[in-house]
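Computed from a predicted model, the values in this text were never measured in an experiment. As a basis for the values below, the full set of heavy atoms in this structure was taken, side chains included, without hydrogen atoms, waters or symmetry mates.
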Amino acid sequence: MSVVNSLMASLRAALRPADTGGTASDPQRSTAPTASAPGEVHAGGQRRHSPSTVEELELELLLEAAFQVYGYDYRGYQRDVVTRRVQAAMAQLSLSTISALQARVLHEPHAWNVLLRELSVEPALMFDDAAEASLLRMSLGVCLHGAALPRVWLADCAGAQQAWTLAILLEQEQLGARTEIYATVSSDALLAEAQAASLPMARLGELQANYVRSGGTGKLLDYFEVSGDGLHAALRPQLRNRITWAQYNLVTDASFNEFQMILGRRTLPDFGPALRQRVLRLFDDSLAPTGVLALDRPLEAGDPLAARYRPLFPQQPWYKRVA
């Protein structure tokens with residue numbers, strides 16, 4: 001009942017004029033979160049969206065419920081992104097309102113898993129972005145060859161196939177044997193899925209075409225071992241063993257290592273302005289001197305971090321740290 005009461009307090013507060021005298025909560029607090037009105041400042045100093053319709057209010061309360069009950073904070077995400085993905089979850093569960101989804105999420109683990117999957121980064125296919133693969137081919141040597149034990153971070157990794165793509169590119173650049181890939185995902189369910197993933201042989205033709213378009217030569221299957229029934233394939237052990245999978249929350253967790261390359265371009269578009277800046281600072285705290293940072297769009301000229309980086313390629317939001 002305490003969770004329901006807390007959410008009802010949020011609802012009552014949302015129906016009152018926003019209190020502009022509120023103060024930001026301490027982002028370092030480790031105690032259980034408390035509800036705040038949709039117009040108040042919440043953890044991390046981000047001001048929440050102020051709802052103007054019933055549907056927007058329902059969305060704010062759903063995100064508050066996800067935070068308080070499950071500890072996943074999507075309150076700083078772009079509202080158009082969240083709305084679209086919540087509607088997809090509603091369609092899967094045959095629900096007509098966000099309030100109905102909230103009730104299911106609060107009481108049914110299956111409904112929560114459906115919503116969590118929709119709110120996570122869209123899964124990638126191997127070599128599905130030819131431009132990204134080409135930029136990786138050109139930049140891996142620049143930032144990794146000089147490091148004794150290079151580390152690459154796939155932040156909010158878009159599934160196993162994104163990590164496999166990077167592992168194959170590292171192998172082709174003669175960097176696979178000594179480079180560690182850290183692939184982090186936002187939930188334990190996504191972590192288990194990524195660790196158990198295999199390549200469906202029925203899609204091999206599509207993936208081989210992606211590989212060729214991205215500049216690959218030879219057969220993609222050379223990097224896999226086919227199962228006895230011929231239906232699936234697993235990444236070869238010498239490549240698979242270089243990938244460390246972990247559950248990690250970009251919204252709340254602190255820097256956990258130093259990396260020569262950080263790839264965050266697939267998750268950053270989901271974040272609102274304040275959360276985006278928080279994550280960019282996290283990446284900056286985690287990037288080694290002269291390391292490479294791959295973003296979804298260029299750093300803004302007035303961004304305090306911009307002076308610390310220079311573009312690695314013309315017209316591309318890939319940067320090398322210089323300070």
N/O donor-acceptor pair under 3.5 Å between D270 side chain and Y77 backbone: no
Flag side-chain contact, heavy atom, 4.5 Å: L119 against L115: yes
Shared hydrophobic cluster for Y70 and L275 (ILVMFWY, side-chain gaps under 4.5 Å): yes
Residue pair I98 / E55, side-chain heavy-atom distance below 4.5 Å: yes
Pairing of E171 and R242 as salt bridge, 4.0 angstrom limit: no
Close side-chain approach of L295 and W318, heavy atoms under 4.5 Å: no
Test applied, side chain to side chain contact (heavy atoms under 4.5 Å, CB included); reference residue, V114; option that passes from V105, L93, L101: L93
Proximity of F283 and W153 rings by center, below 6.0 Å: yes
Euclidean distance, K320 NZ relative to T290 OG1, rounded to 0.5 Å: 5.5 Å
Near-ring test Y72/F67, centroid separation under 6.0 angstrom: no
Minimum heavy-atom distance between A301 and A306, given as atom pair plus value: O-CB, 4.3 Å
E132 and L135, any side-chain heavy atoms less than 4.5 Å apart: no
Which atom of S120 lies closest to which atom of R85, heavy atoms considered: O-NH1, 3.3 Å
Minimum-distance pair of heavy atoms, taken over all atoms of V279 and L250: CG2-O, 4.0 Å
Cluster link V212 to L221, ILVMFWY, side chain under 4.5 Å: no
Heavy-atom pair of closest approach, residues A197 and A160: CB-CB, 3.6 Å
Under 3.5 Å side-chain donor-acceptor pair for Y309 and D284: yes
Separation of D303 CG from Q277 CD (nearest 0.5 Å): 4.5 Å
Shortest non-hydrogen contact between F271 and R276, atoms and distance: CB-N, 3.8 Å
Carboxylate-amine/guanidinium contact R213 D129, below 4.0 Å: no
Sequence neighbours excluded - salt bridge (Lys or Arg N to Asp or Glu O under 4.0 Å) pairs with any residue from residues 96-120: R104-E108, R117-E193
Approximate separation, where rounding is to 0.5 Å, of E58 CD and L63 CG: 12.0 Å
Counterpart residues, side-chain contact (heavy atoms from CB on, under 4.5 Å), relative to R236 (two or more places apart): E225, Q238
Close side-chain approach of L125 and Q162, heavy atoms under 4.5 Å: no
Same cluster (ILVMFWY, side-chain, under 4.5 Å), L170 and F259: no
Nearest heavy-atom neighbours spanning V142 and L312: CG1-CD1, 4.3 Å
Hydrophobic cluster membership, L305 vs L263, 4.5 Å side-chain cutoff: no
Pairwise side-chain contact, H232 with L199, heavy-atom cut-off 4.5 Å (strictly under): no
Student check: side-chain heavy atoms of T179 and L149 closer than 4.5 Å: no
Candidate pair L144 and V152, rule side chain to side chain contact (heavy atoms under 4.5 Å, CB included), full reasoning: CA-CA 9 Å; L144 302 184; V152 180; 4.0 Å; yes
Worked check of side chain to side chain contact (heavy atoms under 4.5 Å, CB included) between L191 and S187: CA-CA 6 Å; L191 177 62; S187 73; over 6 Å; no
Atom pair CG/CG of L293 and L299 - distance to nearest 0.5 Å: 7.0 Å
Gap separating the CG atom of L95 from the CD atom of Q87, nearest 0.5 angstrom: 12.5 Å
Centroid-centroid distance, W245 to Y182, less than 6.0 Å: no
Steps toward ring-ring contact (aromatic ring centres under 6.0 Å, His included) verdict (W164, F224): CA-CA 10 Å; W164 298 346; F224 290 84; 5.7 Å; yes
Test log, rule side chain to side chain contact (heavy atoms under 4.5 Å, CB included), inputs L140 and L166: CA-CA 10 Å; L140 288 173; L166 178 57; 4.2 Å; yes
ILVMFWY network linking L62 to L106, side-chain heavy atoms under 4.5 angstrom: yes
Electrostatic pair R265:D156 at N-O distance under 4.0 angstrom: no
salt_bridge(E173, R137) N-O dist < 4.0 Å: no
Atom CZ of R178: over 12 foreign heavy atoms under 6.0 Å: yes
Flag side-chain contact, heavy atom, 4.5 Å: N249 against S186: no
Test log, rule side chain to side chain contact (heavy atoms under 4.5 Å, CB included), inputs Q172 and T217: CA-CA 10 Å; Q172 293 175 347; T217 58; 5.8 Å; no
CD (E122) with more than 12 external heavy atoms under 6.0 Å: no
Candidates I181, I243, T184, T165 - the one meeting side chain to side chain contact (heavy atoms under 4.5 Å, CB included) with L154: I181
Q247 CD: over 12 foreign heavy atoms closer than 6.0 Å: yes
Mutual orientation of the aromatic rings belonging to F127 and Y211 [parallel < 30°, tilted 30-60°, perpendicular > 60°]: perpendicular
Stepwise side chain to side chain donor-acceptor pair (under 3.5 Å) check, E258 with S286: CA-CA 5 Å; E258 183 178 81; S286 306; over 6 Å; no
Point-to-point distance, once rounded to the nearest 0.5 Å, from OG of S134 to CZ of F313: 9.5 Å
